[in-house]
Amino acid sequence: MNSWVNSAEILGSDLPLELSGTGNRRALLMDALREAVRSGRLAPGTRLPPYRSLAADLGLARNTVADAYAELVAEGWLAARQGSGTRVAERAVPVTPVHRPRTPERAARPVHDLVQGQPDPSVFPRTAWLASARRALAAAPDDAFGPGDPHGRPELRRALAGYLARVRGVRAAPERIVLCSGAAHGLRLLAEVVGGPWAVEEYGLPFHRALLASHGVGTRPLGVDADGARVDGLTRRDRAVLLTPAHQFPTGGPLHPGRRAAVVDWARATGGLVVEDDYDGEFRYDRQPVGAVQGLDPEHVVLLGSVSKSLSPTLRIGWMVLPQRLVGPVVTAKGEREQFSSATEQLTLADFVGSGAYDRQVRRMRQRHRRRRDQLVAALERWAPHIRVTGIAAGLHAVLELPPGTERSAVRAAAWQGLAVEGLADYLHPGSEGAGQADAPRDGLVVGYATPAESTYPEALEALCRALPPG
């Protein structure tokens, strides 16, 4: 059966449904459609009327019918695809969506992983890394195999000072660089040394907010718009502000030049600290590189960076470029002996950077991620042209803007399609709705395009488009 279904056939006298009652119209409509599928009156593959037509026939609001369709797509009763309309799903019995619990363990492993921030482990440069390891070990001084220095190996700090100055416009001598095991470790140390409260972008990693809270540092949200964080909301009470100025995470876009200058002025006037998370500053595609805010005032800005996106999170190597006054307190907080990053891996990374292999790896990954991004944009243009995609000029993910009220159903639909993907609401600060300058929460999907293998990525994109609300 492949013809249009008249609304009277769905909701006529054969179904005991009264839409003129006071009940929830969307729920009543969904119940009627489910029953029609269960009874076989709507066979698999049957094409349903456009939601506008059905809404007119039934005297319902268009959003009511659109939401009902989206919910039934998420539950597996219906299937939607651009150019093909909404149809009864081909599966005889709807499958319960596989939800991704907010815990480290998942109830079921998804077929495709589109969670942001996870590079494909298969592209780690094993041969080049092994060559650097051999050279580094052969040239390593004896003290490299003794107790660790909490500053980190001097070889790597020198290599990073040169690299960051050249690529990110950072102003720092090696003595101002303290190595750590990643951005999270750096935040822990800064929370202990600086104290709170901190201002943070209203959209950001919940893990970072929880980490600060675990060290007694409260956070409050700053609104985010197309120009990045609204730094005019900073106050003298804020001890620090955590920003992602190169590419706002996760909404995308660099911090406006006027706001970059304004946040530095705030730090100078109040003695506050700007903490710059440079999590993917190296991966830009359609614009010139944006220099680090740290270059504007090294005495009031801390730059946090790591190799978790460019190489692998398993290396556990990150860095803090610190104002001179914070070097001693941070090293003291870190402890007398290095306990987190392997000295031999630090030496290997120093050679990897110094030999030019790191530059080659970043260029290779930039080309790969740009190609992935372009595939995502092309798939949306083909199958879901009504969906706007943002934040694609840099980084490892994109944000798909959704109609209001459809994010939860889209996440469920994605899970039913075997996709691990997150909604934009997962990143919203819990205090944002009560903040004076924060906008109303937006609906969207945060889609990471770095993880899937080349062979499965097209299939993942098709599944993603099937999960999106119909236009």
Side-chain angles (χ1 to χ4, degrees), residues 1-21 23-99 111-112 379-387 402-403 405-419 445 459-471:
M1 184 175 180
N2 204 31
S3 61
W4 289 101
V5 178
N6 185 283
S7 59
E9 294 177 351
I10 301 174
L11 302 170
S13 59
D14 290 342
L15 288 175
L17 178 67
E18 179 57 61
L19 291 180
S20 61
N24 184 299
R25 300 299 184 87
R26 179 175 61 83
L28 293 173
L29 176 58
M30 291 172 63
D31 287 344
L33 290 169
R34 291 191 194 100
E35 180 57 32
V37 175
R38 287 193 196 100
S39 66
R41 296 180 59 238
L42 289 178
T46 300
R47 189 177 185 185
L48 302 185
Y51 69 85
R52 295 178 180 85
S53 300
L54 187 57
D57 290 345
L58 300 175
L60 298 176
R62 292 180 179 180
N63 285 346
T64 299
V65 180
D67 289 347
Y69 276 15
E71 288 283 346
L72 292 173
V73 168
E75 293 177 7
W77 295 93
L78 305 180
R81 185 166 179 176
Q82 184 67 26
S84 183
T86 303
R87 299 175 181 269
V88 177
E90 294 292 343
R91 305 185 183 195
V93 179
V95 177
T96 301
V98 177
H99 294 282
V111 179
H112 304 292
L380 292 170
E381 289 176 348
R382 178 181 180 186
W383 290 313
H386 58 289
I387 299 295
L402 302 179
T406 63
E407 179 179 309
R408 287 179 56 195
S409 59
V411 172
R412 289 197 297 270
W416 190 77
Q417 294 286 344
L419 293 175
L445 294 181
E459 181 183 343
L461 293 180
E462 289 193 36
L464 173 66
C465 292
R466 287 195 297 269
L468 296 174

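Keep in mind that what you see is a predicted model, and the values were worked out from it rather than measured.
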In Å, rounded to the nearest 0.5 Å, how long is the span from CG of Leu72 to OG1 of Thr86? 10.0 Å
Could you grab the distance from atom CD of Gln417 to atom CD of Glu459, nearest 0.5 Å is fine? 10.5 Å
When every non-hydrogen atom of Met30 is compared with those of Ala68, the smallest separation belongs to CG-CB, 3.6 Å
How far apart are the C-alpha atoms of Leu464 and Leu445, what are their side-chain angles, what is the distance that settles it, and do they pass the side-chain contact (heavy atoms from CB on, under 4.5 Å) test? CA-CA 10 Å; Leu464 173 66; Leu445 294 181; 4.2 Å; yes
Looking at every non-hydrogen atom in both residues, tell me the closest pair between Leu33 and Tyr69 and how far apart they are. CD1-CE1, 4.2 Å
What closest approach, in Å, do Ala413 and Ala467 show between heavy atoms, and which atom pair accounts for it? CB-O, 3.6 Å
If every non-hydrogen atom of Cys465 is compared with every non-hydrogen atom of Ala379, which pair is closest and at what distance? SG-O, 3.8 Å
Euclidean distance, Arg47 CZ relative to Leu78 CG, rounded to 0.5 Å: 13.5 Å
With heavy-atom distances below 4.5 Å as the criterion, would you say the side chains of Leu380 and Leu468 are in contact? yes
Quick check for you: to the nearest 0.5 Å, what is the distance between Leu29 atom CG and Leu60 atom CG? 6.5 Å
Which heavy atom of Ala460 sits nearest to which heavy atom of Leu419, and what is that distance? O-CD2, 3.9 Å
